[in-house]
Amino acid sequence: MLRLTTLLTGLVLSANCLAFSLADLSQQDASTGLKDALEQGAKIAVAQLGKPGGFSNNPEVRIELPGNLGKAASAMKMMGMGAEVTQLETSMNKAAEAAMPQAQALLLQAVQKMTVQDAKSILTGPDDAATNYLNKSSRTQLRAKFLPIVQQATNKFG
């Protein structure tokens, strides 16, 4: 019984210390913590997406033919040309996987440029606020890095 009481007392004291430290957390501290979390998240995402199957085996990020090409792909599959469509999509996904290591530096740069106000907007914003920030701050640079790699892969198919 004494051990349980000691454990509960320790947990209560820990919780009180945590609540105290969270209340005293400055905006700068919160910004620094968020930057660290986003940096780690970017590194993990690059590691996961930059390996073979990182895009193609993940339905959440798998690249398929967009827009009118996607509609044409459906028609091609019905005409027995599904293998060609699959081969093109596989090539695009492999190209994206190959480009991921180059994305890491750009994502980390975007995180380092984050202001305290940006961090506050992410912490108080919607669930996709961090994604929206990274999209706004690095999309153009990422596109410039990825597009030549993906174009090279797709040029093989005309």
Side-chain angles (χ1 to χ4, degrees), residues 7-71 73-74 85-157:
L7 179 61
L8 290 175
T9 302
L11 288 173
V12 169
L13 288 173
S14 295
N16 287 339
C17 288
L18 182 59
F20 176 74
S21 61
L22 288 176
D24 290 342
L25 194 62
S26 72
Q27 285 188 356
Q28 185 63 43
D29 291 338
S31 175
T32 300
L34 178 62
K35 284 182 180 184
D36 288 344
L38 288 173
E39 284 179 7
Q40 291 305 314
K43 290 175 183 176
I44 290 168
V46 167
Q48 289 177 349
L49 295 174
K51 65 184 179 184
F55 275 85
S56 57
N57 295 339
N58 184 340
E60 292 181 24
V61 295
R62 178 172 169 69
I63 300 169
E64 296 179 352
L65 295 175
N68 289 334
L69 287 177
K71 292 175 186 173
S74 295
V85 171
T86 300
Q87 191 175 16
L88 176 57
E89 287 179 345
T90 299
S91 178
M92 289 171 34
N93 282 277
K94 285 182 179 181
E97 291 159 5
M100 283 308 296
Q102 295 178 33
Q104 182 170 322
L106 295 172
L107 292 172
L108 294 177
Q109 187 178 52
V111 171
Q112 289 303 315
K113 290 181 179 178
M114 182 185 299
T115 66
V116 171
Q117 184 58 44
D118 292 330
K120 189 174 183 180
S121 296
I122 290 171
L123 291 170
T124 60
D127 289 345
D128 63 349
T131 301
N132 291 335
Y133 169 79
L134 291 172
N135 186 26
K136 176 183 73 171
S137 62
S138 60
R139 181 180 186 97
T140 302
Q141 297 90 334
L142 286 171
R143 183 179 207 123
K145 287 277 187 192
F146 275 58
L147 191 58
I149 295 168
V150 173
Q151 282 178 332
Q152 182 181 11
T154 58
N155 284 342
K156 293 177 185 175
F157 296 95

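Across S138 and A110, no two heavy atoms sit closer than the pair CB-CB, 4.1 Å. Taking every heavy atom of both residues into account, V85 and A73 meet most closely at CG1-CB, 3.6 Å. Counting all heavy atoms, side chain and backbone alike, K145 lies closest to P148 at O-CD, 3.6 Å. Residues A103 and L142 share a closest heavy-atom pair of CB-CD2, 3.6 Å.
The shortest side-chain heavy-atom distance between F55 and E97 falls under the 4.5 Å cut-off. Here the side chains of R62 and N57 are not in contact, with every heavy-atom distance at 4.5 Å or above. The side-chain heavy atoms of P52 and K94, taken from C-beta on, include no pair separated by under 4.5 Å.
Within 6.0 Å of atom NZ in K35, more than 12 heavy atoms from other residues, nucleotides or ligands are found, so the atom counts as buried in its surroundings.
With sequence neighbours left out, the side chain to side chain contact (heavy atoms under 4.5 Å, CB included) criterion links Q40 to K43.
For the atom pair CG of L38 and CE of M114, the computed distance is 4.5 Å after rounding to the nearest 0.5 Å. The structure places CG of L107 at 10.0 Å from CD of Q141, a figure rounded to the nearest 0.5 Å. Here the CG-CG distance, from L34 to L123, works out to 5.0 Å after rounding to the nearest 0.5 Å. Distance check: T86 OG1 to L65 CG gives 9.5 Å after rounding to the nearest 0.5 Å. Within the model, atoms CG of L49 and CD of Q104 stand 11.5 Å from one another, a figure rounded to the nearest 0.5 Å. The distance from atom CZ of R143 to atom CG of L106, rounded to the nearest 0.5 Å, is 14.5 Å.
Looking at N93, its side chain does come within 3.5 Å of a backbone N or O of I63 through a donor-acceptor pair. Although no hydrogens or angles enter the test, the distance criterion places no donor-acceptor pair under 3.5 Å between the side chain of Y133 and the main chain of V111. The closest donor-acceptor contact from the side chain of T115 to the backbone of D118 lies under 3.5 Å. Using modelled atom types, no side-chain atom of E89 and backbone atom of E64 make a donor-acceptor pair closer than 3.5 Å. N135 places no side-chain N or O within donor-acceptor distance of the main-chain N or O of N132, the cut-off being under 3.5 Å. With hydrogens and angles disregarded, no donor-acceptor distance shorter than 3.5 Å links the side chain of S91 to the backbone of Q87.
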